[in-house]
Amino acid sequence: MPGDSITETSGGYGGGDENRPLRNFKLNESTFLASLMPKKEIGADRFVEAHPQYDGRGVIIAIFDSGVDPAASGLQVTSDGKPKVLDVIDCTGSGDIDTSKVVKANADGCIQAASGASLVVNSSWKNPSGEWHVGYKFLFELLTDTLTSRLKKERKKKWDEKNQEEIAKAVKHLDEFNEKHSNPEEADLKRVREDLQARIDLLRKQADSYDDKGPVIDAVVWHDGDLWRAALDTQSVEDDSDCGQLANFVPLTNYRIERKHGVFSKLDACTFVLNVYSDGNILSIVTDCSPHGTHVAGIATAFHPKEPLLNGIAPGAQLISCKIGDTRLGSMETGTGLIRALIAAVEHKCDLINMSYGEPTSLPDYGRFVDLVNEVVNKHRLIFVSSAGNGGPALSTVGAPGGTTSSIIGVGAYVSPSMAAGAHSVVEPPSEGLEYTWSSRGPTSDGDLGVSISAPGGAVAPVPTWTLQKRMLMNGTSMASPSACGGVALLISAMKAEGIPVSPYSVRKALENTSGPVGELPADKLSTGQGLMQVDRAHEYIRQSRNIPCICYEIMVNQSGKSTPTSRGIYLREASACQQPTEWTVQVQPKFHEGASNLEELVPFEECIELHSTEKVVVRAPEYLLLANNGRSFNIVVNPTKLSEGLHYYEVYGVDCKAPWRGPIFRIPVTITKPMTVKNHPPFISFSRMSFLPGHIERRYIEVPFGATWVEATMKTSGFDTTRRFFVDTVQICPLQRPMKWESVVTFSSPTAKSFAFPVVGGQTMELAVAQFWSSGIGSHETTIVDFEILFHGIAINKEEIILDGSEAPIRIDAEALLSSENLVPAATLNKIRVPYRPVDAKLGTLTENRDKLPSGQQTLALTLTYKFKLEDGAEVKPQVPLLNNRIYDTKFESQFYMVSDTNKRVYAVGDVYPSATKLPKGEYNLRLYLRHENMQYLEKMKQLLLFIERNLDDKDVIRLNFFSEPDGPVMGDGAFKSSVLVPGHVLKKEAIYLGPPVKDKLPKNAPQGSVLLGAISYGKLSLAGQEGEESSQKNPVSYQISYVVPPNKVDEDKGKSSSTSLKTVSERLEEEVRDAKIRVLSSLKQDTDEERSEWKNLSTSLKSDYPNYTPLLAKILEGLLSQSKVEDKIHHHEDVMDAADEVIDSIGKDELAKFFSLKIDPEDEETEKKKKAMETTRDELAEALYQKGLALVEIESLKGKKAETEGTKDLFEDNFKGLKKWVDAKSSKYGTLLVLRERRRGRLGAALKALNEMMQDNGDPPKKKLYELKLSLLDEIGWKHLSTYEKEWMLVRFPPSLPLF
């Protein structure tokens, strides 16, 4: 996710002049404006002043972000007049439209749009082929939630005005009727009044249920003989119907060709760009998914000729916008977006990449994206700059990829006094710069420093036009990264101008070895990296190093005697690692860029390295090392035994003996967190009278006692006046897992105490980081005193994850308290169900577009898996793919994306690595899962990938499991276990309890065999639960997963039993079987062609003569007639339907049927029950015939333009409808259409709409298109244009012509 914080502010360290403490700091207008876009802090202003031509000219930056608005302030041209934005790309596909449908214009120059609208094509547009590709997109699918919300309010306001107008008209008509008919007695007048009232009710109800899905944009793509061009019809977006017409649109081609963009309407003010792919079959409408990307681009490169103080760092640089944030997912990055962005950066020959996005990771410097980044950096020499993350202040919170990847320059966020005073408008700025409180800290879990350098982490920078403002304040490492990236652009601009080869290796070395140190302690490097970057110093370093080979030094560290794991530094975190000296083997491997000459570069390379340790008492290393191309290893010894408790940081670094001015050419970070041991019983530790000023951080490292599973902590504050805000973080690191982090932001308006509870892992070191927010308490000079108390609790169990296998046997659980007495109060519930599914279809294909062709030349492959599932009731569901979920960067798979759609192709949910729950109505669904990789073998293995559909159980279905003190308890029903007290050291220190399986009749319905019920089990409770100030609402913060495998259903004992012996002879039964077989053949015949219809007609005629008046046969003939499509003579066809319906009606003895249903049936009489089922079938056949006859009558009336009447002017429809009402409820969803048509025939359109709405609400099946088309026609007939427009938009939501693209 993007790592910005728009409303929060904080402080940073200073470099250069900013390092000196400032007193009585004052701003004037120019320094205030300069503080909004900080440059002085990194020496960028000094550098550009000294070298005006090196302001980024000749440099192209790829912005991997949420998308850049090319119309935003300062992003039109560079300082030397060149186009600022060279390309704008949606790498995620979230704006892609399927334009594979091709149409041709009619004689009037109109085409049929994909939405169904008729559009006029501009006659001046060149289109030699005459082929127009069409597609459509809902506007809201392209916009941010913020903009969508604004537009919805505006649209709702206008819609309400129109609706109120119609309500006023309807009320007026009703009043006029009431004046004329004060007390109507006639039935017809009563119905007229009901109709008028129904219209008012419908309009009012519609206002309550209004749900705006947004206007539809029609897209048209064509080839003009030279280029693919595209145009949009946005009439539905505009208030004025004359605006937004397709013919008035100025056609656009791919942005990189002509660099033109458009705006949907003045109301949204949203800029978009069009790109055409796949020979016109895909149109990408590119919009941003948040202001983040434009802000980032502005910091790096904005150029304001009239406001130079607000320029970005490198106003002469150009950029390409690579949107990696998927609008469908809010702004979450996707694997597809990341890989396509890398492809684009290489294709455009970019010099730099800035990526202000990231996520936590379980494996640093690992994964598919990291592999490709390494290739791009090492082979194509791109310099990759990225944010370190906003997960601080605790250590080991750097995110991927910026803070965890060796080939990426990870940037921390710094705030200076001038930034605090100007951009953040604090009352009193800090006396010196400091790192923002929330800026992520190193080291990585494998010991790398994590943060490379720091840069200003806040700015007032350009934002998209749709925000309706020019600039906005944001802060985060997301802002620090483009600040650093802009600084690097200045260096590259200088290197190109001065003929110095550009290499990410030499640039990184220059940055790290010339940064201004921030903070006084060695451990401050874990927060700030090597310090605050200084552009001017780095430039001098690069100049001096121009003849030195471009090399990076790859560091691989292993503990001596162990081949795994390999790390990039030494990180001694656990208590056991600090109890004796350890020896480590360090492999230093020089790494040249790909393509380096063997004879001219690799063979001659040899360096004499002098090794240094920043603290030889603790870290001992050899004095010298001769390093050649094939690398060299050496050993170092780390002795932490005499260190004090707490954090210690050291480095072993190498210096070139022949050029010591280069500074360290490689570093091996050594981080030691020596934890304190808890010796009290019960285990209790306190930190008294910790003093805090703004930005101050206190870190404590504690070895969590074995047996502890949760902590109860209390934080007391005193000694201050104004409100204080604190970050309280704890972090534990477990192998191959994301850091286990608990965090809380606590505000104290007055001295008081607050309590917390959070889970811990026994035996692992826990860091407690307490930080006063950098801007909290500024202006007050009082120190905040904090007392922090921690009490460890724990109930140790022999099974953390409980799996009930579906049998009747209980699970034995042994529980004990190792630390102090604890109440054993077990509780277990099952509140979710996971149903497994295998794909019903798998399609593997090659993606042929250039945007999917990797830098290596390989083409990406895509596997689309289709799953089918059914919900008997509405439910909240979440798809789960255990192999792939919850990993973006730490996975070798490129990407995943899923869509859930119903049988009408309506998409209800989309998602990727972090699936979310979605409320789905009852019905059948398809889930399509889309996987990408260039290796076919990997994808082949995924063709039977297991997927779970997880849904929450209703409250009434949640199962609360029982505990017993003996194994037979679940069967015998006694020995229930409620609670006890566990006492450490007691002779019976362990207590066994038995968890019983759920009672079979309590299992939720629709829980098939093999599905899994999931829930949570806990064993203790908080001692501070219910106390004032206690933050956690849980009784126990520690719970474990429990699952129950649903067993096979019990065998139905009655299944297969014959109810009675047939009284019919063999020949009679054989004759019936032959008859039924013939009818089945008739039903199976297709009627697509004239020949097939002729065959069907001949067979039906033959069967009617063989089995006259046999109702099931006649019903099947009626069904066959109804299934015919492409009927030319519609009147004749409907007359045939009426005749067939009459034959069914005439074949049924209606008196016998009525008599039977008037009798009371004995349900225990098997023969009577059989006859009842037969009679019900006959009744249904009669009702269906009457229903279809009524529909046919209406169709004939519509085609002929007059009502169907008999010789005696009797209304055939009314007679037929009365006949139907005798047998069924005419208001039901099955037959209600006829009631609607009846009301329409009588001119009662309000009553017709009311009946139709009630029928559709009662129908639990998926929406039927014909019913909504009927509703549309009624709305058009009644003249409610605003409702008609609303329903037309919803028609495309409910019944899209095709599924959207991935």
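Bear in mind that the values here come from a model prediction, so they are computed numbers and not experimental data.
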- Can you tell if the side chain of Thr444 reaches within under 4.5 Å of the side chain of Thr361, non-hydrogen atoms only? no
- Task: In sequence, state the C-alpha distance, the side-chain angles, and the governing distance for Leu626 and Tyr624, and then conclude on side-chain contact (heavy atoms from CB on, under 4.5 Å).
- Result: CA-CA 7 Å; Leu626 186 64; Tyr624 289 93; over 6 Å; no
- Query: For Tyr571, does its backbone N or O pair with a side-chain atom of Thr671 as donor and acceptor, under 3.5 Å?
  - Reply: no
- Atom pair CG/SG of Leu338 and Cys322 - distance to nearest 0.5 Å: 10.5 Å
- May I ask you to decide if Pro393's main-chain N or O and Arg699's side chain share a donor-acceptor pair within less than 3.5 Å? yes
- Message: Within a 6.0 Å radius of atom NZ on Lys379, are there more than 12 heavy atoms belonging to other residues, nucleotides or ligands?
- Response: yes
- Exam field: side chain His295 to backbone Ala459, donor-acceptor pair closer than 3.5 Å: yes
- Message: If you apply the rule side-chain contact (heavy atoms from CB on, under 4.5 Å), what do you find for Tyr649 with Leu449, and how did you get there?
- Response: CA-CA 10 Å; Tyr649 177 80; Leu449 186 60; 3.5 Å; yes
- Between Glu601 and Phe592, which heavy-atom pair has the shortest distance, and what is it? O-CZ, 3.7 Å
- Message: Any salt bridge linking Lys39 with Asp45? Criterion: basic side-chain nitrogen under 4.0 Å from a carboxylate oxygen.
- Response: no
- Interatomic distance, Met533 atom CE to Ser515 atom OG [nearest 0.5 angstrom]: 7.0 Å
- Are any side-chain N or O atoms of Lys741 and backbone N or O atoms of Gly391, one a donor and one an acceptor, separated by less than 3.5 Å? yes
- Message: Is a donor from one side chain sitting under 3.5 angstrom from an acceptor on the other, for Tyr505 and Asn378?
- Response: yes
- Query: Ignoring hydrogens and geometry, is there a side-chain-to-backbone donor-acceptor pair from Ser452 to Ile409 under 3.5 Å?
  - Reply: no
- Query: Does the Ser396 side chain pair with the main chain of Ser445, one donor and one acceptor, at a distance under 3.5 Å?
  - Reply: no
- Query: Charged N to carboxylate O below 4.0 Å: is that the case for Arg441 and Glu767?
  - Reply: no
- Query: If you measure from the Lys or Arg side-chain nitrogens to the Asp or Glu carboxylate oxygens, is any gap between Glu651 and Lys525 under 4.0 Å?
  - Reply: yes
- Which of these passes side chain to side chain contact (heavy atoms under 4.5 Å, CB included) with Val535: Leu491, Thr514, Leu511? Leu491
- Task: Decide yes or no for Glu607 and Tyr553: does some side-chain heavy atom of the first lie under 4.5 Å from some side-chain heavy atom of the second?
- Result: yes
- Message: Do Ser506 and Ile548 have side chains that approach each other closer than 4.5 Å (heavy atoms only, starting at C-beta)?
- Response: no
- Message: What I'd like to find out is whether the side chain of Ile636 reaches to under 4.5 Å of the side chain of Ile570, using heavy atoms alone.
- Response: yes
- Query: Would Asp365 and Thr404 count as having a side-chain donor-acceptor pair, cut-off 3.5 Å?
  - Reply: no
- Item | Any Ser406 side-chain heavy atom under 4.5 Å of Glu554 side chain | no
- Message: Less than 4.5 Å apart, side chain to side chain, heavy atoms only: is that true for Val502 and Asp351?
- Response: no
- Query: Which atoms form the tightest heavy-atom contact between Pro565 and Asn558, and what is the distance?
  - Reply: O-ND2, 3.2 Å
- Task: Taking all heavy atoms of Ala771 and all of Thr437, pick out the closest pair and write down the distance.
- Result: CB-CG2, 3.7 Å
- Under the side-chain contact (heavy atoms from CB on, under 4.5 Å) rule, what do Ile60 and Lys349 come out as? Steps first, then yes or no, please. CA-CA 8 Å; Ile60 302 176; Lys349 295 181 169 52; 5.8 Å; no
- Note on the structure: Here the gap from Arg738 atom CZ to Leu363 atom CG, rounded to the nearest 0.5 Å, amounts to 10.5 Å
- Any idea how His648 and Tyr650 line up, ring-wise: parallel (<30°), tilted (30 to 60°), or perpendicular (>60°)? parallel
- Item | Contact check, side chains of Thr301 and Gln318, non-hydrogen atoms, under 4.5 Å | no
- Output yes when a side-chain donor or acceptor of Ser567 lies under 3.5 Å from a complementary backbone atom of Gly447, and no otherwise. no
- Item | Electrostatic pair Glu540-Arg537, nearest N-O below 4.0 angstrom | no
- Task: Quick one: pull up OG in Ser79 and CZ in Arg57 and give me the separation to the nearest 0.5 Å.
- Result: 4.0 Å
- Message: Among Val451, Thr477, Thr397, which residue satisfies the side chain to side chain contact (heavy atoms under 4.5 Å, CB included) criterion with Ser440?
- Response: Thr397
- Message: Using only atom types and a distance under 3.5 Å, with no angle test, would you say the side chain of Glu359 pairs donor to acceptor with the backbone of Pro401?
- Response: no
- Message: Could you tell me if the side chain of Leu647 sits less than 4.5 Å from the side chain of Thr673, heavy atoms only?
- Response: yes
- Hey, is the main chain of Pro664 close enough, under 3.5 Å, to the side chain of Asn513 for a donor-acceptor pair? yes
- Closest non-hydrogen contact found for Pro855 with Val346 is CG-CG2, 4.1 Å
- Message: Is a donor from one side chain sitting under 3.5 angstrom from an acceptor on the other, for Ser416 and Glu41?
- Response: yes
- Distance (rounded to the nearest 0.5 Å) between His292 NE2 and Ser478 OG: 3.0 Å
- Fit a plane to each ring of Phe384 and Phe64, take the angle between them on a 0 to 90° scale, and name the class: parallel (under 30°), tilted (30 to 60°) or perpendicular (over 60°). perpendicular
- CD1-CD distance between Ile555 and Gln587, expressed to the nearest 0.5 angstrom: 9.0 Å
- Message: Applying side-chain contact (heavy atoms from CB on, under 4.5 Å) to Val652 and Trp584, what does each step give before you reach the verdict?
- Response: CA-CA 12 Å; Val652 172; Trp584 302 80; over 6 Å; no
- Note on the structure: Shortest non-hydrogen pair, Ala300 vs Ile61, comes out as CB-CD1, 4.4 Å
- Query: Which heavy-atom pair separates Gly412 from Ala480 by the least distance, and what is that distance?
  - Reply: O-CB, 3.3 Å
- Task: Say whether Glu333 and Tyr889, considering side chains only, have a donor N or O and an acceptor N or O under 3.5 Å apart.
- Result: yes
- Query: Between the side chain of Tyr541 and the main-chain N/O of Arg662, is any donor-acceptor distance below 3.5 Å?
  - Reply: yes
- Between Phe634 and Phe666, how do the two ring planes meet: parallel, tilted or perpendicular, split at 30° and 60°? tilted
